[in-house]
Visitor: 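Can you read through this structure? Questions will come right after.
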Amino acid sequence: MDDVKIPDVDEGGVPDQVRRAPQENQDVSSFSEFEELLSQYGWYLLVLTVLVYLLIQYLSKRRSSQSTAPKIMQDASSVARRQEAMEAARRKMQEELDVKAAAFKEKMKQQEEEKGRQKIEVWDTMQQGKSYKGGSKLSQTAEETSSSTTVLKPKTDKKPLRSADYHPLSGQGGGSCSWRPGRRGPSSGG
């Protein structure tokens with residue numbers, strides 16, 4: 001009977017092997033190690049990642065600028081031709097603009113001369129005792145009435161603007177815009 005071993009039993013009647021914690025999954029344990037690494041060195045890793053990103057950007061810009069530099073050196077003659085063509089186009093546009101500006105100045109000068117003539121005419125009509133605005137109109141209407149045989153009579157069937165009993169200071173005589181005192185007592189709000 002000495003050969004038989006009896007497993008150790010606790011007071012609760014559960015063997016030691018069953019009471020132990022279950023074995024952890026290998027995948028979860030590697031994640032917990034990564035989590036521990038992040039918690040200790042997280043800021044350093046973040047800064048390192050940003051620096052690597054900026055370094056890659058810098059190098060890619062530098063490489064692209066170096067690849068376009070030889071093309072510029074080879075095409076110097078085409079660049080010079082392009083600049084000459086742009087300068088010629090600018091000169092042509094400037095000449096067109098100068099012509100338009102001269103035409104505009106001439107037009108403005110003519111308008112000012114016309115205004116001056118009109119002012120002189122107005123002054124002359126005022127010196128003669130005529131109305132400066134109605135003088136030309138009266139001469140035109142006099143010519144028209146003398147040439148036409150029909151006589152125009154004024155319209156008398158016009159409708160008055162207001163009723164006869166309207167008085168603006170008293171507010172009498174209608175209209176929807178009059179002041180009335182408010183109701184007394186509590187308002188009937190809903």
Side-chain angles (χ1 to χ4, degrees), residues 25-152 154-155 158-162 168 175-177 179:
N25 191 351
Q26 291 295 330
D27 294 336
V28 174
S29 66
S30 65
F31 180 72
S32 65
E33 290 172 6
F34 179 71
E35 185 179 304
E36 200 172 298
L37 180 73
L38 273 180
S39 67
Q40 289 179 358
Y41 303 108
W43 289 108
Y44 299 114
L45 291 174
L46 179 67
V47 169
L48 180 68
T49 306
V50 170
L51 289 175
V52 167
Y53 175 75
L54 291 175
L55 180 66
I56 290 171
Q57 292 293 324
Y58 173 74
L59 292 176
S60 66
K61 285 181 184 177
R62 193 168 176 205
R63 180 179 294 162
S64 66
S65 67
Q66 286 176 353
S67 64
T68 58
K71 289 182 183 178
I72 294 173
M73 295 298 182
Q74 294 172 356
D75 295 338
S77 61
S78 65
V79 169
R81 275 186 265 126
R82 220 178 294 133
Q83 286 180 348
E84 289 172 2
M86 281 179 29
E87 188 62 34
R90 283 186 188 134
R91 271 188 254 121
K92 181 180 175 183
M93 288 172 57
Q94 186 64 43
E95 289 172 2
E96 291 174 2
L97 187 62
D98 290 342
V99 169
K100 287 180 183 178
F104 181 74
K105 280 184 181 179
E106 186 65 31
K107 184 178 177 182
M108 293 302 290
K109 192 175 184 180
Q110 288 176 355
Q111 285 180 352
E112 290 199 16
E113 288 175 3
E114 182 66 30
K115 284 182 183 178
R117 274 190 247 124
Q118 287 176 355
K119 285 183 180 181
I120 292 171
E121 288 175 10
V122 166
W123 179 255
D124 289 341
T125 56
M126 288 180 71
Q127 291 297 322
Q128 294 172 2
K130 297 179 182 176
S131 170
Y132 70 95
K133 287 189 178 179
S136 61
K137 291 181 183 176
L138 287 175
S139 63
Q140 289 175 357
T141 55
E143 292 173 4
E144 290 175 1
T145 55
S146 64
S147 66
S148 67
T149 57
T150 61
V151 178
L152 298 174
K155 293 184 179 180
K158 287 186 179 178
K159 186 174 150 183
L161 295 176
R162 298 181 187 90
S176 62
C177 300
W179 179 82

Visitor: Go through the steps to decide whether Arg82 and Ser78 satisfy the test side-chain contact (heavy atoms from CB on, under 4.5 Å), and finish with yes or no.
Guide: CA-CA 6 Å; Arg82 220 178 294 133; Ser78 65; 3.8 Å; yes
Visitor: Quick one: closest heavy-atom pair of Thr125 and Val122, and the distance?
Guide: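 Thr125 and Val122 have their closest heavy atoms at OG1-O, 2.7 Å.
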Visitor: Out of the candidates Leu55, Thr49, Ile56, only one should pair with Val52 under the side-chain contact (heavy atoms from CB on, under 4.5 Å) rule; please name it.
Guide: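 Only one option passes, and that is Ile56.
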Visitor: Arg90 and side-chain contact (heavy atoms from CB on, under 4.5 Å): which single residue from Met93, Gln94, Met86 fits?
Guide: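 Only match with Arg90 under side-chain contact (heavy atoms from CB on, under 4.5 Å): Met86.
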Visitor: Which pairs count as salt bridge (charged side-chain N to carboxylate O under 4.0 Å, His left out) when at least one residue sits in residues 96-121, sequence neighbours excluded?
Guide: Glu114-Arg117
